[in-house]
Visitor: 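Mind looking over this structure? Questions follow.
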6 protein chains.
Amino acid sequence: MYAVEVRDHIMVAHSFKGDLFGPAQGVHGATFVVDVAFFRDALTEDGVVVDIGRAGEALKATLEPLNYKNLDDLPQFAGRNTTTEFLAKHVFDAMAAAARDGSLGPGGEGLVRMRVTLHESHVARAWYEGALDGG
Amino acid sequence: MYAVEVRDHIMVAHSFKGDLFGPAQGVHGATFVVDVAFFRDALTEDGVVVDIGRAGEALKATLEPLNYKNLDDLPQFAGRNTTTEFLAKHVFDAMAAAARDGSLGPGGEGLVRMRVTLHESHVARAWYEGALDGG
Amino acid sequence: MYAVEVRDHIMVAHSFKGDLFGPAQGVHGATFVVDVAFFRDALTEDGVVVDIGRAGEALKATLEPLNYKNLDDLPQFAGRNTTTEFLAKHVFDAMAAAARDGSLGPGGEGLVRMRVTLHESHVARAWYEGALDGG
Amino acid sequence: MYAVEVRDHIMVAHSFKGDLFGPAQGVHGATFVVDVAFFRDALTEDGVVVDIGRAGEALKATLEPLNYKNLDDLPQFAGRNTTTEFLAKHVFDAMAAAARDGSLGPGGEGLVRMRVTLHESHVARAWYEGALDGG
Amino acid sequence: MYAVEVRDHIMVAHSFKGDLFGPAQGVHGATFVVDVAFFRDALTEDGVVVDIGRAGEALKATLEPLNYKNLDDLPQFAGRNTTTEFLAKHVFDAMAAAARDGSLGPGGEGLVRMRVTLHESHVARAWYEGALDGG
Amino acid sequence: MYAVEVRDHIMVAHSFKGDLFGPAQGVHGATFVVDVAFFRDALTEDGVVVDIGRAGEALKATLEPLNYKNLDDLPQFAGRNTTTEFLAKHVFDAMAAAARDGSLGPGGEGLVRMRVTLHESHVARAWYEGALDGG
């Protein structure tokens with residue numbers, strides 16, 4: 001199995017509901033360094049998993065509505081705790097849609113898996129990995 | 001599959017038995033930066049894989065008996081080479097017990113896999129990954 | 001010149017005032033990985049610059065009032081843009097006070113310089129470096 | 001499953017054929033930091049996955065014919081785009097051969113998987129992971 | 001002294017003249033991860049050293065003529081060994097010009113020092129640090 | 001001022017004397033990732049600060065007597081606490097001698113400063129920086 005992975009980041013505010021979260025129930029924030037890995041069984045004719053340039057642009061377009069925002073204010077997250085692992089799945093779904101609609105360019109049609117990792121500090125990270133429909 | 005990963009570290013001495021180890025047959029030491037990844041099929045009601053705070057405390061409690069020790073002196077390791085990969089399994093087993101006994105808090109009961117990675121330098125690391133009984 | 005450096009982190013929300021900041025004028029957030037370097041001309045009798053354990057505790061105590069907070073709500077920052085470089089100076093001043101009042105333990109009395117670095121992402125960081133009064 | 005991973009690097013020139021590659025169609029270059037992970041179901045009698053010293057030497061021997069070269073000039077790559085993902089597979093095949101011919105020493109005979117990761121910058125990497133014949 | 005640092009990267013080919021360079025006398029290549037640090041005695045009215053957005057754009061504009069190129073073909077480098085340390089000075093001079101001509105925006109006029117670091121691998125880097133004319 | 005920096009590592013055991021060190025008074029160990037930075041006012045005729053290959057070999061030769069050892073057993077450290085900052089100075093002195101005796105090759109004669117950094121974990125490091133006699 002082949003994979004390529006690209007990186008970008010966002011800087012967001014949010015708060016969590018639930019005693020579990022202790023002081024993180026208040027409005028605080030995070031830098032999430034986001035890695036998206038694309039998996040393919042074979043390389044394309046060009047010798048790639050996916051066009052790394054287009055993949056990076058699709059990631060930037062996915063992250064743009066979140067960047068520099070208070071996630072508590074975004075309707076798509078209403079009533080949800082935007083934990084690192086929850087956000088990993090959110091980015092995964094958006095990138096999976098990008099793969100389906102052709103935004104990733106050549107190679108995107110044959111992707112079988114993706115993994116989205118969010119690094120929240122030098123000591124913690126979370127990720128979501130799953131199969132793609134077209135895989 | 002969702003995952004969260006937390007990091008801590010230990011500074012230990014040890015020696016190895018066997019020609020394979022060359023100069024590492026003498027008493028030397030290592031800093032092991034330890035990552036533990038917890039895998040779960042779905043998020044909890046709170047939207048997490050596991051409580052990252054409790055996970056970090058469980059990891060610290062697991063590492064504490066080893067930290068600042070000469071592993072050659074610890075009865076639980078008698079007759080064993082405490083290689084990086086061996087220690088990864090040791091930490092895995094202790095953290096699996098923590099998941100079983102509820103020490104990880106909400107989410108711990110539904111963990112399906114764990115992976116324990118020990119970074120021994122900027123050029124080498126080892127890990128053990130396995131399913132959890134309750135998975 | 002000798003130096004030792006310790007690391008911790010905070011996760012905060014804030015907003016900036018001024019056209020310069022573009023989308024960062026809205027409430028957003030950041031993880032700041034914080035490094036504090038202590039400089040001393042000679043080692044203490046124990047052979048250290050400063051007690052690394054106490055230095056880490058002093059750093060944690062300095063960061064605690066900021067961690068998981070919206071910095072816009074803190075009176076000590078009223079009317080100020082809590083930029084990365086501004087916060088580096090804030091942490092510097094607090095750690096300098098810790099050096100003066102003996103909180104750093106042996107070695108703290110002879111520190112001549114400090115540098116506080118805040119890493120805000122994998123592509124940006126800021127720091128403040130200055131002499132200490134007692135240096 | 002146990003794993004150990006070792007790291008080395010190469011500095012190469014190359015060019016790509018195909019509109020997909022835009023400015024990378026010209027002769028340019030890359031530093032590839034190369035990680036090779038070896039997977040084994042159980043540890044050897046010595047308590048290792050594979051001899052980390054021999055593994056590192058085998059990796060260095062594998063990389064040596066590529067290091068400081070223009071890959072466009074190497075007959076083994078004629079007519080191919082030496083993309084990061086393609087090179088990951090090239091290194092994988094060479095290291096798999098090393099496992100088969102005994103170059104990895106004790107442990108090499110029982111390896112079940114390998115993964116070769118090439119980091120091309122702080123924001124991009126690629127890898128190939130696969131089962132080994134003897135696994 | 002305050003500082004902010006931004007990061008970008010280039011992927012280039014080149015060759016070196018001189019026995020000193022051994023196998024690096026052939027055409028090979030490198031990824032250079034480039035950090036530029038800007039130093040200022042005091043913060044601007046906005047509370048920054050320099051606009052991090054503009055600084056990043058100025059760095060990208062500086063690196064663009066080199067990115068994906070064979071440096072041996074560029075007239076500005078004719079007869080020179082484009083070593084990591086030489087390139088650090090090249091980027092320094094271009095960024096210093098950007099500071100002088102106002103491209104860095106508010107804060108750029110008061111910069112007193114800059115440092116340009118090029119990371120060529122996980123085990124080697126080089127930098128050039130110097131005062132700025134307007135400092 | 002120009003600089004180049006090279007990296008290597010050692011894995012050692014040791015113990016400390018003094019209440020200050022708490023549990024680290026027992027025999028424990030560390031991986032020290034060692035960076036040595038060489039500073040020069042101008043580049044050599046070849047366009048380098050110092051030959052990076054020879055610098056790396058000199059560093060390896062300097063570290064070899066310590067690697068895989070219990071530092072408590074080495075006569076050159078008798079009666080001393082081999083703290084991270086102490087060891088930084090030890091490596092500095094040995095590398096300064098290498099610069100003086102010509103082991104660093106061309107460029108070594110004109111070095112004006114050096115800095116030796118020992119990273120002991122992902123959260124702590126120490127360094128010694130000083131002028132060279134011949135600077």
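This one's a predicted model, so the numbers in the text were calculated from it and none came from an experiment. Residue numbering restarts at 1 for every chain, and letters A, B, ... go by the order of the sequence lines.
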Visitor: What residues of residues 118-131 of chain B sit under 4.5 Å from chain D when you count only heavy atoms?
Guide: B/Glu120, B/His122, B/Val123, B/Ala124, B/Arg125, B/Ala126, B/Trp127, B/Tyr128, B/Glu129
Visitor: Non-hydrogen atoms of chain D under 4.5 Å away: do they reach the side chain of B/Phe92, the backbone, both or neither?
Guide: neither
Visitor: Mind checking which of residues 28-63 of chain B sit less than 4.5 Å from chain D, heavy atom to heavy atom?
Guide: none
Visitor: Take atom CG in D/Asp19; do more than 12 heavy atoms of anything else shown fall under 6.0 Å from it?
Guide: no
Visitor: Sort by residue number and list every residue of residues 1-12 of chain D having at least one heavy atom under 4.5 Å from chain B.
Guide: D/Met1, D/Tyr2, D/Ala3, D/Val4, D/Glu5, D/Val6, D/Arg7
Visitor: Sequence neighbours left out, what pairs pass salt bridge (Lys or Arg N to Asp or Glu O under 4.0 Å) with at least one residue falling in residues 62-85 of chain B?
Guide: none
